[in-house]
2 protein chains.
Amino acid sequence: MLPIESPRQRRKEARPAELLAAALEMFVEKGFAATRLDDVAKRAGVSKGTLYLYFDSKDALFKAVIQEGIVPVLQQGAGMVERHTGSSADLLRDLIAAWWQLIGNTHLGGVPKLMISEAGNFPEIATYYYENVILRGRDLMRRTLQRGIDQGEFRALNIEQAIDVIFAPVLMMAIWRHSLGACGCGQHDPESYFATHLDMMLCGIAHPSATVQPDGMHS
Amino acid sequence: MLPIESPRQRRKEARPAELLAAALEMFVEKGFAATRLDDVAKRAGVSKGTLYLYFDSKDALFKAVIQEGIVPVLQQGAGMVERHTGSSADLLRDLIAAWWQLIGNTHLGGVPKLMISEAGNFPEIATYYYENVILRGRDLMRRTLQRGIDQGEFRALNIEQAIDVIFAPVLMMAIWRHSLGACGCGQHDPESYFATHLDMMLCGIAHPSATVQPDGMHS
DNA sequence: CTATAATGACTGACCAGTCAGTTATTAAGC
DNA sequence: GCTTAATAACTGACTGGTCAGTCATTATAG
């Protein structure tokens, strides 16, 4: 973004950042198929011809939106787990808060919905997303949970399944915002919702005095 | 719907059940916009012209898929909460198991993904879905949780938020199956996944001996 | 004047929706 | 039973509109 070495004037600043931003917004809002490239170009303030100077096709634009949108952010936040020194519960809190701050609460928060909607039509991009985004994110969660178990802070449970159970409410919050939440349907306050979420994950919902049978047998 | 007064023989049984089923499958698989009505008709074994004998438009077909697909099933399972006599934890288990059995694990399991994808393009249907499906489902959950709290089995917590926290992993399981899960990406075994889920919800992940501060303060 | 960037009218493929025509089913006449 | 008439069910070629992708032209910079 910053001018690199032209003394008085950039020749052309246009890396297609506005185009990617406009495309992300419209893909999230209307879906891939229902988005017209004329509209994307118009929202970015250029013509459709210009769009085709930077992207070979609508598919290529979609791919670029996914790749250049999420992957850098995810890499950026990767060191958090190693650096952390406090309790694992706090690390879990921090991870979720960071995800919400950097992704969920920005335009990128629409990407999960977009990938869910279009995975079937773009298996190649879905695979890319799975390997470069989902697996990496799961890895952060896995290390956090393993850390908690090793330190005796968490119970030993099926980590792979726990990852999804813990992250699902966070994901759904972002997905909801970009789907039915945008139609005037109810919506929680994120801060307070995540607090309840963590509370439930760490303590469960059972009353402390009640004896609970975890795996389905009656008392 | 039932034959009114033909003594020995129905004239024609064809309510367009095959068309609705075919449309549901293809909408879930490819998305609304990317689904061609020629293909829907072909999958149902009729011509496109026949499809238009029963549905006024592609939009009307979509609406029918949502309405006639989910609402009856939801109504059918509504009495479960009243009839239940055991512990509230078991009721929660039963509700989730029933949802998975009747919706998640059938073709209807694709409807949540479909609504998420298309809510923006069909606000009217999204509102219908919210009021007739989501709110009703939340109501079952609410009564279950309230029951548990009243009986001292569950802690008092924010019920509205707890509903979503508890149901999100179940929903995500169904959504995953119809999006990235269909692209060869990993997938949990539902039975075992829901067991872990309930275990976590009821007991939390914290080790019993660890002192946990539920709401974000350090120890 | 040359080179580069940007444009927007144009084209061809695609597909929702239509409708004149075909086939299947039932009823009527004998 | 057999033939014909009447109606219902279904078909698929066609049309009109939409939109991804192209490219000859225009604008701008040096």
Side-chain angles (χ1 to χ4, degrees), chain A residues 3-27 29-66 114 118 120-122 124-125, chain B residues 1 3-27 29-65 114 118 120-122 124-125:
Chain A
I4 306 186
E5 50 188 303
S6 47
R8 62 191 66 174
Q9 213 175 20
R10 255 155 289 134
R11 288 184 149 259
K12 170 163 181 294
E13 27 130 19
R15 275 332 97 191
E18 298 99 344
L19 277 168
L20 284 170
L24 171 62
E25 286 171 38
M26 299 215 63
F27 284 156
E29 195 178 309
K30 325 244 299 175
F32 176 81
T35 294
R36 283 172 298 146
L37 292 189
D38 269 312
D39 291 345
V40 172
K42 186 178 290 175
R43 183 176 294 203
V46 297
S47 72
K48 189 166 59 166
T50 303
L51 194 157
Y52 273 88
L53 294 177
Y54 296 107
F55 303 98
D56 286 346
S57 65
K58 196 183 184 185
D59 288 19
L61 176 63
F62 181 71
K63 196 168 181 176
V65 162
I66 299 296
L114 189 51
E118 303 298 338
N121 297 325
F122 298 91
E124 182 214 345
I125 299 176
Chain B
M1 290 310 130
I4 307 187
E5 50 188 303
S6 47
R8 62 191 64 174
Q9 214 177 22
R10 250 158 291 130
R11 290 186 148 260
K12 169 158 181 300
E13 26 131 20
R15 278 329 100 190
E18 298 99 344
L19 277 168
L20 285 170
L24 171 61
E25 287 172 39
M26 298 216 62
F27 285 157
E29 195 178 308
K30 326 244 300 175
F32 176 82
T35 294
R36 283 172 298 146
L37 291 190
D38 269 312
D39 290 346
V40 172
K42 186 178 292 176
R43 183 175 294 202
V46 297
S47 72
K48 191 165 59 166
T50 303
L51 194 158
Y52 274 90
L53 293 177
Y54 296 106
F55 302 99
D56 286 346
S57 64
K58 196 183 185 184
D59 288 20
L61 176 61
F62 181 72
K63 196 169 181 176
V65 163
L114 189 52
E118 304 299 338
N121 296 326
F122 297 91
E124 182 215 343
I125 300 176

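Since this is a predicted model, take the numbers as computed values, not measurements.
The side chain of Leu53(B) lies closest to dT11(D) when the candidates are dA20(D), dA6(C), dT11(D). In this structure, the nucleotide among dA20(D), dT7(C), dG17(C) sitting nearest to the side chain of Ser57(B) is dG17(C). Among dT7(C), dG17(C), dT22(D), the nucleotide with an atom closest to any side-chain atom of Lys48(B) is dG17(C). Side-chain atoms of Arg36(A) lie closest to dC19(D) of the nucleotides dA6(C), dG21(D), dC19(D).
A straight line from CG of Asp38(B) to P of dC14(D) spans 14 Å, rounded to a whole angstrom. In this structure, Leu37(A) atom CG and dG8(C) atom P are separated by 16 Å, rounded to whole Å. Computed from coordinates, the Asp39(A) CG to dG21(D) P distance equals 15 Å when rounded to whole Å. dA6(C) atom C1' lies 14 Å from atom CD of Glu18(A), rounded to whole Å. Remark: P of dT11(D) and NZ of Lys42(B) are 13 Å apart, rounded to the nearest angstrom. Atoms OH (Tyr54(B)) and P (dA16(C)) sit 20 Å apart, rounded to a whole Å. Atom CZ in Phe55(A) sits roughly 15 Å away from atom P in dA20(D) (whole-Å rounding).
Within the structure, every side-chain polar atom (N or O) of Ser47(A) is placed at least 4.0 Å from both OP1 and OP2 of dA6(C). When the side-chain nitrogen and oxygen atoms of Tyr52(A) are compared with OP1 and OP2 of dT7(C), none of them lie within a distance under 4.0 Å. In this model, the phosphate group of dT7(C) is approached by a side-chain N or O of Thr50(A) to a distance below 4.0 Å at OP1 or OP2. For Lys58(B) and dA16(C), the shortest distance from a side-chain N or O to OP1 or OP2 is below 4.0 Å.
A distance-only check finds a donor-acceptor pair linking the side chain of Lys58(A) to the backbone of Thr35(A) [under 3.5 Å].
Atom NZ of Lys42(B) and atom CG of Leu37(B) lie 13.0 Å apart (nearest 0.5 Å). The structure places CG of Leu19(A) at 12.5 Å from CG of Leu24(A), a figure rounded to the nearest 0.5 Å.
Comparing Asp59(A) and Leu51(B) by the nucleotide of DNA chain D that holds the closest heavy atom to each, the one mapping nearer the 5' end is Leu51(B).
Between Phe32(A) and Phe62(A), the angle of the ring planes goes over 60°, which puts this pair in the perpendicular group of the 30/60° scheme.
Side-chain contact check for Lys63(B) versus Glu124(B): some heavy-atom pair is nearer than 4.5 Å.
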